[in-house]
Participant: 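Structure below; questions to follow.
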Amino acid sequence: VEADICSADNQEFSKGVASLTFDDGWKEIYQNAIPILNQAGIKSTQYVNIEGPADDPEKLMTFEDVLTMEKAGHEIGSHAWNHQRFTELSQANIVFELTESKKALLKMGVKSVDTFAYPFGEYTKYSQFWSRNDYIGVRTAIPGMNDRKTDRYLLYGYELQNWMVFDPYLKRLVDRVRAENKWLIIIFHQVANPKYQYYTAPQDLISLINYLIRNEVPVMPVRDVIKKCYQ
């Protein structure tokens, strides 16, 4: 179903496509979401910090977990070195967050780091300019559907919160992307703790994947959509 999503003589997507992205490198993603994705044959994009947002390192994936995900076909992208708001950083610190985080992931053993996701979804004009040196695309947290005219360094994404369950919220997003032939990027965080604002229940993830497969909506890592349709 991934064939002919876009071609050289087609300026639009020929059908809707989706990307499932997961932020922050939470251990719960590795424990709860990755087995669901692997069983369904779905490849995600995992945005990983070098030093994550958790106060307890045991809440985060290990480097071995990250490499295992990549070996299973999931894209590993950068989510900066520290989980800081780019709107509060100096230009020098922005360069560090963008550049050194990628270098660290590659040094860790990740084979390729092609895309970036802003912590908190926040960016500046300078970060938008500098990100073009290191990445082929960057994801924000601005809600919206992407088309082939979207700036690939300011990609839209729907950031899920605990009230955004499969039916009706996620189901409606899939119905929209099918009807409009757009690119839907969904942003997950924790997949376990229902007390967390940015939590998604594993069952909602399963329902979403089943619905995407049943409706033959291609699900591709962010990197792959960009390489296929934007370059």
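What you are looking at is a predicted structure, and each value in this text was computed from that prediction instead of being measured.
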Participant: In terms of relative ring orientation, are Y135 and F116 parallel, tilted or perpendicular, with 30° and 60° separating the classes?
Facilitator: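 Ring orientation of Y135 relative to F116: tilted.
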Participant: Between the side chains of T21 and R139, is a donor N or O closer than 3.5 angstrom to an acceptor N or O?
Facilitator: yes
Participant: Measure from the side-chain N and O atoms of D56 to the backbone N and O of E58, and report whether any donor-acceptor pair falls under 3.5 Å.
Facilitator: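 Pair found, side chain donor or acceptor close to backbone of E58.
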Participant: Does either side chain, that of S101 or that of S78, offer a donor lying less than 3.5 Å from an acceptor on the other one?
Facilitator: yes
Participant: Count I, L, V, M, F, W, Y as connected when their side-chain heavy atoms are under 4.5 Å apart, and connections chain through other members. Are I142 and L173 then in the same cluster?
Facilitator: yes
Participant: Can a salt bridge be assigned to the pair D204 and K171 using a cut-off of 4.0 Å between side-chain N and carboxylate O?
Facilitator: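 No, no charged N to carboxylate O under 4.0 Å.
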Participant: To the nearest 0.5 Å, what is the distance between CG (L89) and CD (Q91)?
Facilitator: 11.0 Å
Participant: Hydrogens and angles aside, do T68 and D65 bring a side-chain donor and acceptor to less than 3.5 Å of each other?
Facilitator: no
Participant: Check whether V225 and I187 end up in the same hydrophobic cluster, where Ile, Leu, Val, Met, Phe, Trp and Tyr are linked by side-chain heavy atoms less than 4.5 Å apart.
Facilitator: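 Cluster IDs for V225 and I187 differ.
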Participant: Quick check: closest heavy atoms across T200 and L205, and the distance to 0.1 Å?
Facilitator: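 Closest pair (atom of T200, atom of L205, distance): CG2-N, 4.4 Å.
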Participant: Examine R152 relative to Y230 and say whether NZ or CZ is less than 6.0 Å from the centre of the six-membered ring and inside a 45° cone about the ring axis.
Facilitator: no
Participant: Working to the nearest 0.5 angstrom, can you tell me the gap between Y118 OH and I94 CD1?
Facilitator: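 Separation between the atoms: 8.0 Å.
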Participant: Does the side chain of W26 come within less than 4.5 Å of L60's, by heavy atoms?
Facilitator: yes
Participant: Can you confirm whether V177 sits close enough to M145 that some side-chain heavy atom of one is under 4.5 Å from a side-chain heavy atom of the other?
Facilitator: yes
Participant: So, does E97 use its side chain to make a donor-acceptor pair with the main chain of W81 at under 3.5 Å?
Facilitator: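 Yes.
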Participant: Hey, could you give me the CG/CG distance between L212 and L170, rounded to the nearest 0.5 Å?
Facilitator: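 Spacing of CG (L212) from CG (L170) equals 9.0 Å.
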Participant: Between the side chains of R172 and D167, is the shortest nitrogen-to-carboxylate-oxygen separation below 4.0 Å, so that they form an ion pair?
Facilitator: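 Looking at R172 together with D167, the answer is no, because their closest N to O distance does not fall below 4.0 Å.
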Participant: Below 6.0 angstrom between ring centroids: does that apply to W163 and Y169?
Facilitator: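 Under 6.0 Å, so yes.
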Participant: For F22 and Y47, I'd like to know if the aromatic rings sit close, meaning centre-to-centre distance below 6.0 Å.
Facilitator: no
Participant: With a sphere of 6.0 Å drawn around OH of Y126, does it hold more than 12 non-hydrogen atoms of other residues, nucleotides or ligands?
Facilitator: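 Yes, because the 6.0 Å sphere around OH of Y126 holds more than 12 heavy atoms from other groups.
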Participant: So, for A33 and V191, which heavy atoms are closest and what is the spacing to 0.1 Å?
Facilitator: CB-CG2, 4.1 Å
Participant: Yes or no on side chain to side chain contact (heavy atoms under 4.5 Å, CB included) for L208 and I186, after CA distance, side-chain angles and deciding distance?
Facilitator: CA-CA 11 Å; L208 170 64; I186 300 179; 3.9 Å; yes
Participant: Evaluate side chain to side chain contact (heavy atoms under 4.5 Å, CB included) for I185 paired with Y158, printing each intermediate quantity in order.
Facilitator: CA-CA 6 Å; I185 300 177; Y158 288 91; over 6 Å; no
Participant: NZ of K15 to CG of N215: how many Å apart, nearest 0.5 Å?
Facilitator: 10.0 Å
Participant: Please find the pair of heavy atoms, one from I50 and one from A104, that lie closest to each other, and give the distance.
Facilitator: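 Closest pair (atom of I50, atom of A104, distance): CD1-CB, 3.7 Å.
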Participant: Answer whether the closest heavy-atom distance between the side chains of R214 and N210 falls below 4.5 Å.
Facilitator: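 Yes. Closest side-chain heavy atoms under 4.5 Å.
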Participant: Just wondering, do V138 and T115 contact through their side chains at under 4.5 Å, heavy atoms?
Facilitator: no
Participant: I'd like to know if the side chain of K102 reaches the main chain of D134, judged simply by a donor and an acceptor atom lying under 3.5 Å from each other, with no hydrogens or angles considered.
Facilitator: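 Yes, the answer is positive, given that a donor and an acceptor are paired below the 3.5 Å cut-off.
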Participant: Indicate if I206 and I42 have the same hydrophobic cluster label, given that clusters are the connected sets of ILVMFWY residues with side-chain heavy-atom separations under 4.5 angstrom.
Facilitator: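 In one cluster: yes.
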Participant: With the side chain counted from C-beta on, respond yes when V48 and H79 share a heavy-atom pair under 4.5 Å apart, and no when they do not.
Facilitator: no
Participant: Would you sort out whether D151 and Q128 count as a side-chain hydrogen bond (donor to acceptor under 3.5 Å, both in side chains), showing the intermediate values?
Facilitator: CA-CA 10 Å; D151 184 345; Q128 184 185 359; 3.2 Å; yes
Participant: When you measure from the side chain of S127 to the backbone N and O of Y123, does any donor-acceptor pair fall under 3.5 Å?
Facilitator: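 Pair absent, no side-chain N/O of S127 close to backbone of Y123.
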Participant: Would you say the side-chain atoms of S44 pair up with the backbone N or O of Q46, donor to acceptor, closer than 3.5 Å?
Facilitator: no
Participant: Measuring centre to centre across the rings, with the benzene-like ring taken for any Trp, is H83 within less than 6.0 Å of F120?
Facilitator: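 Judged by ring-centre distance (under 6.0 Å), H83 and F120 do meet the cut-off.
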Participant: Would you call K59-D24 a salt bridge at under 4.0 Å N-O?
Facilitator: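 No, this pair does not count.
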Participant: Would you confirm whether E70, through its side chain, and E75, through its main-chain N or O, come within 3.5 Å as a donor-acceptor pair?
Facilitator: no
Participant: Has the side chain of H74 got a donor or acceptor atom that lies under 3.5 Å from a matching backbone atom of T45?
Facilitator: no
Participant: To the nearest 0.5 Å, how far apart are OG in S131 and CD1 in I136?
Facilitator: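 If I round to the nearest 0.5 Å, the distance is 12.0 Å.
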Participant: Kindly indicate, with the supporting measurements, whether the criterion side chain to side chain contact (heavy atoms under 4.5 Å, CB included) is fulfilled by N82 and N49.
Facilitator: CA-CA 6 Å; N82 297 295; N49 304 96; over 6 Å; no
Participant: With heavy-atom distances below 4.5 Å as the criterion, would you say the side chains of V222 and W183 are in contact?
Facilitator: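 Counting from C-beta outward, V222 and W183 do come under 4.5 Å.
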Participant: Do you know which two heavy atoms are closest between A192 and E28, and how far apart they sit?
Facilitator: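 Smallest heavy-atom distance, with atoms named: CB-CD, 3.4 Å.
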Participant: Whether the S14 and E12 side chains hold a donor-acceptor pair (N or O, under 3.5 Å, no angle test) is what I'd like checked.
Facilitator: no
Participant: Hey, could you give me the CG/CE distance between N162 and M164, rounded to the nearest 0.5 Å?
Facilitator: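 Reported value, rounded in 0.5 Å steps: 9.0 Å.
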Participant: Would you check if Q161 and Y199 make a side-chain contact, meaning some heavy-atom pair closer than 4.5 Å?
Facilitator: no
Participant: Taking all heavy atoms of D114 and all of S112, pick out the closest pair and write down the distance.
Facilitator: OD2-OG, 3.6 Å
Participant: Establish whether L20 and I36 are linked, either directly or via other cluster members, by ILVMFWY side-chain heavy-atom contacts under 4.5 Å.
Facilitator: yes
Participant: Hey, are D147 and K182 close enough for a salt bridge, meaning a charged N less than 4.0 Å from a carboxylate O?
Facilitator: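 So D147 pairs with K182 through a salt bridge.
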Participant: Indicate if V17 and L155 have the same hydrophobic cluster label, given that clusters are the connected sets of ILVMFWY residues with side-chain heavy-atom separations under 4.5 angstrom.
Facilitator: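 Yes, one cluster joins them.
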Participant: Determine whether M220 and I5 make a side-chain contact, defined as any pair of heavy atoms from C-beta on separated by less than 4.5 Å.
Facilitator: yes
Participant: In terms of side-chain geometry, is the basic nitrogen of K43 or D224 positioned less than 4.0 Å from the acidic oxygen of its partner?
Facilitator: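 The answer is no: the pair does not qualify as a salt bridge.
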Participant: Which class fits the ring pair H189 and Y198: parallel under 30°, tilted 30 to 60°, perpendicular over 60°?
Facilitator: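 Judged by the thresholds at 30° and 60°, the geometry between H189 and Y198 is tilted.
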